[in-house]
Asks: 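After the structure tokens below, expect a handful of questions from me.
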Amino acid sequence: MSVTILDCTFRDGGYYTKWDFPQSLVSKYIDAASKAGANVLEMGLRRFPSKQFLGAHAYTTDHYLSGFSFPDTVQVGVMIDAKHIVQSGLEIDEAISLLFTEKEESPVDIVRVAIHLHELNNTQKIVKKLTSLGYQVCVNLMQISNLPDEEIVPAVKEISSWDTVDVLYFADSLGNMDANDISRVIRAIRTGWQGELGIHAHDNMGRAIHNTLTAIEQGVGWVDATLSGMGRGAGNAQTEILLLELEEKFPGQCKANELYDIVLNDISLLMRKYQWGKSVLYHLAASYDIHPSYIQEMVADGRYSSGEIIAANLDCAI
């Protein structure tokens with residue numbers, strides 16, 4: 001068995017930087033991540049223009065991506081949010097056509113569609129259009145931890161019936177899943193989906209690496225990570241740590257040492273500035289099924305003390 005490693009540092013990490021990163025850092029990242037053994041580099045989101053300032057990785061246009069040199073050993077990915085497409089006011093085919101050209105004209109190989117289960121109908125139309133343009137398509141099921149098997153099973157059977165999805169991902173969006181939850185969700189998904197399966201783990205409770213390794217042991221073949229875990233809220237599984245673990249399981253596939261320079265000398269500066277990572281605040285939020293974005297926004301606001309943030313967590317939980 002081999003594992004496909006998808007690094008989404010600039011996509012998930014953009015929740016701290018408004019998807020604004022120096023091009024010199026992006027070039028260094030592409031070189032380091034590809035040498036380290038990452039198979040897919042999810043470079044950011046693709047979306048329509050926003051009234052507020054958002055950096056290049058919020059849009060990740062073909063023109064922007066064409067300014068970088070990607071080695072043949074990696075595939076390039078972007079993510080779209082099904083809700084963003086539906087709320088654009090456009091017909092779905094028209095919206096996708098405005099955001100994406102034919103694959104042969106684009107540096108993008110893989111498009112990941114983030115959805116909630118209630119968005120399945122519109123997602124099928126999105127996936128069908130992307131497939132017709134020649135892209136590999138992943139569907140990313142968000143906030144799955146609290147869903148019962150009775151909701152998961154029919155949803156994944158429906159997705160399977162489309163016969164257009166290359167990889168089905170599940171995301172621990174609230175960062176509160178443990179090994180038992182991972183096993184339950186995988187079993188539920190496997191009753192209706194026999195294709196490639198992926199996991200996107202959050203680190204609110206410090207379990208992202210363990211949960212990812214648990215998923216691999218149970219046959220999940222696609223795994224997400226970010227440099228130093230940079231990502232929304234407490235962040236994600238750390239690429240450099242995950243690769244160290246995988247070096248023992250899959251000799252020759254990974255070289256974690258290729259990431260040490262960029263992690264210790266570049267990403268560490270961002271980490272000191274933005275202060276992502278697990279903490280008691282994110283742990284509490286996960287315990288009470290509160291989305292990490294809520295905590296991140298309160299911390300970034302600066303008007304609230306730690307005590308006020310904790311009290312707000314407890315109020316939300318009541």
Side-chain angles (χ1 to χ4, degrees), residues 4 6 8 11-12 40 42 45-48 77-100 103 108-177 181-202 215 218-224 232 289 291 293:
T4 298
L6 186 153
C8 49
R11 196 270 300 168
D12 219 335
V40 182
E42 189 174 75
L45 300 169
R46 183 160 292 187
R47 52 175 292 155
F48 292 108
V78 296
M79 176 179 276
I80 60 175
D81 190 326
K83 180 173 66 176
H84 181 70
I85 301 299
V86 172
Q87 293 180 349
S88 68
L90 303 169
E91 294 294 326
I92 286 176
D93 278 11
E94 181 184 2
I96 296 299
S97 294
L98 288 172
L99 290 174
F100 293 92
K103 162 64 195 86
V108 173
D109 302 294
I110 297 173
V111 182
R112 183 152 55 157
V113 186
I115 73 164
H116 294 94
L117 286 192
H118 66 268
E119 297 166 329
L120 279 182
N121 288 339
N122 290 314
T123 301
Q124 182 180 12
K125 299 174 185 176
I126 293 170
V127 171
K128 182 179 179 180
K129 181 61 178 179
L130 288 168
T131 301
S132 74
L133 292 173
Y135 295 96
Q136 296 180 58
V137 180
C138 305
V139 167
N140 189 49
L141 300 175
M142 298 186 290
Q143 296 190 27
I144 201 169
S145 59
N146 292 333
L147 296 177
D149 293 2
E150 292 76 15
E151 292 185 30
I152 296 173
V153 172
V156 297
K157 285 183 177 179
E158 180 176 339
I159 292 170
S160 182
S161 72
W162 302 345
D163 200 27
T164 49
V165 175
D166 295 288
V167 186
L168 181 61
Y169 261 88
F170 68 95
D172 178 17
S173 306
L174 303 180
N176 58 4
M177 296 178 76
D181 297 321
I182 297 295
S183 299
R184 177 188 70 83
V185 168
I186 291 173
R187 284 196 302 271
I189 290 175
R190 281 303 185 199
T191 63
W193 173 264
Q194 301 306 314
E196 291 281 5
L197 186 58
I199 182 173
H200 178 84
H202 279 251
Q218 297 186 29
V220 171
W222 285 58
V223 296
D224 281 13
R232 178 157 50 181
D289 294 337
H291 200 283
S293 290

Asks: Counting C-beta onward and ignoring hydrogens, is there a side-chain heavy-atom pair between Ile182 and Val220 closer than 4.5 Å?
Replies: no
Asks: Looking at Thr164, is its backbone amide N or carbonyl O close enough to the side chain of Trp162 to form a donor-acceptor pair, meaning the two atoms are under 3.5 Å apart?
Replies: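 Not a single qualifying donor-acceptor pair exists.
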Asks: If you measure from CG on Asp172 to CE on Met177, what distance do you get to the nearest 0.5 Å?
Replies: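 Rounded to the nearest 0.5 Å, the CG-CE separation comes out at 5.5 Å.
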Asks: Does a side-chain heavy-atom distance below 4.5 Å link Val153 with Ile189?
Replies: no
Asks: To the nearest 0.5 Å, how far apart are NZ in Lys128 and CD1 in Ile92?
Replies: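 Result: 11.5 Å between the selected atoms.
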Asks: Could you tell me the separation between the CD atom of Gln218 and the CD1 atom of Ile186, rounded to the nearest 0.5 Å?
Replies: 4.5 Å
Asks: Using 30° and 60° as the class limits, which term best fits the ring planes of His202 and His200: parallel, tilted or perpendicular?
Replies: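 Rings of His202 and His200: perpendicular, as their planes differ by over 60°.
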Asks: Any chance you could measure Glu151, atom CD, to His118, atom NE2, to the nearest 0.5 Å?
Replies: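 Taking CD in Glu151 and NE2 in His118, the distance rounds to 11.5 Å.
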Asks: Suppose the criterion is side-chain hydrogen bond (donor to acceptor under 3.5 Å, both in side chains): which pairs have a residue in residues 80-91, not counting sequence neighbours?
Replies: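 Counting only pairs at least two positions apart or across chains, no side-chain hydrogen bond (donor to acceptor under 3.5 Å, both in side chains) contact touches residues 80-91.
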Asks: Using a 3.5 Å distance criterion without hydrogens, assess whether the side chain of Ser160 forms a donor-acceptor pair with backbone atoms of Lys157.
Replies: no
Asks: Please examine the side chains of Arg47 and Ile85, heavy atoms only from C-beta on, and report whether any two atoms are closer than 4.5 Å.
Replies: no
Asks: Mind listing the closest non-hydrogen atom pair of Ala188 and Ile152 along with its distance?
Replies: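 Ala188 and Ile152 have their closest heavy atoms at CB-CG2, 4.0 Å.
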Asks: Using modelled atom types only, decide if a donor and an acceptor are shared between the side chain of Glu119 and the backbone of His116 within a distance under 3.5 Å.
Replies: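 Indeed, once roles are kept as given, a pair shorter than 3.5 Å links the two residues.
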Asks: Counting only N and O atoms by type, is there a donor-acceptor contact under 3.5 Å from the side chain of Thr4 to the main-chain atoms of Trp222?
Replies: no
Asks: Counting N and O atoms only, with roles assigned by atom type, does the side chain of Asp166 sit under 3.5 Å from a partner on the main chain of Val137, one being a donor and the other an acceptor?
Replies: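 Confirmed, Asp166 side chain pairs with Val137 backbone.
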Asks: For the pair Asp109 and Lys103, evaluate side chain to side chain contact (heavy atoms under 4.5 Å, CB included) and give the outcome as yes or no after the intermediate values.
Replies: CA-CA 7 Å; Asp109 302 294; Lys103 162 64 195 86; 3.3 Å; yes
Asks: Taking side chain as C-beta onward, heavy atoms only, is Leu141 less than 4.5 Å from Tyr169?
Replies: no
Asks: Heavy-atom distance under 4.5 Å between the side chains of Val127 and Val139, does that happen here?
Replies: yes
Asks: Does the side chain of Tyr135 reach to within under 4.5 Å of the side chain of Ile110, using non-hydrogen atoms?
Replies: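 SC-SC contact between Tyr135 and Ile110 ruled out.
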Asks: Answer yes or no: is there a side-chain heavy-atom contact under 4.5 Å between Ile159 and Thr123?
Replies: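 Not in contact.
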Asks: So, using salt bridge (Lys or Arg N to Asp or Glu O under 4.0 Å) as the criterion, who are the partners of Asp224 when residues are at least two apart?
Replies: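 Partners of Asp224 by the salt bridge (Lys or Arg N to Asp or Glu O under 4.0 Å) criterion, ordered by chain and then number, come out as Arg112.
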Asks: Just jot down the salt bridge (Lys or Arg N to Asp or Glu O under 4.0 Å) partners of Asp181, sequence neighbours excluded, or say none.
Replies: none
Asks: OG/Ser173 to CD1/Ile144 distance, rounded to the nearest 0.5 angstrom?
Replies: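 Rounded to the nearest 0.5 Å, the OG-CD1 separation comes out at 9.0 Å.
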Asks: For Ser97 and Glu94, indicate whether the former's side chain and the latter's backbone hold a donor-acceptor pair under 3.5 Å.
Replies: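 Side chain of Ser97 to backbone of Glu94: no pair is present.
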Asks: Testing Arg184, Arg190, Arg187 for salt bridge (charged side-chain N to carboxylate O under 4.0 Å, His left out) with Asp149, which one passes?
Replies: Arg184
Asks: Which pair of non-hydrogen atoms, one from Ala82 and one from Val113, has the smallest distance, and what is that distance?
Replies: CB-CG1, 4.2 Å
Asks: How long is the gap from CG on Leu99 to CG on Leu130, to the nearest 0.5 Å?
Replies: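 Rounded to the nearest 0.5 Å, the CG-CG separation comes out at 9.0 Å.
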Asks: Ile115 versus Leu120: any side-chain heavy-atom pair under 4.5 Å?
Replies: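 Heavy-atom side-chain distance check passes, below 4.5 Å.
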Asks: Start with the C-alpha distance between Asn140 and Phe170, add both sets of side-chain angles, then the distance that settles side chain to side chain contact (heavy atoms under 4.5 Å, CB included), and finish with yes or no.
Replies: CA-CA 6 Å; Asn140 189 49; Phe170 68 95; over 6 Å; no
Asks: Is any side-chain N of the basic residue among Lys125 and Asp93 closer than 4.0 Å to the acidic one's carboxylate O?
Replies: no
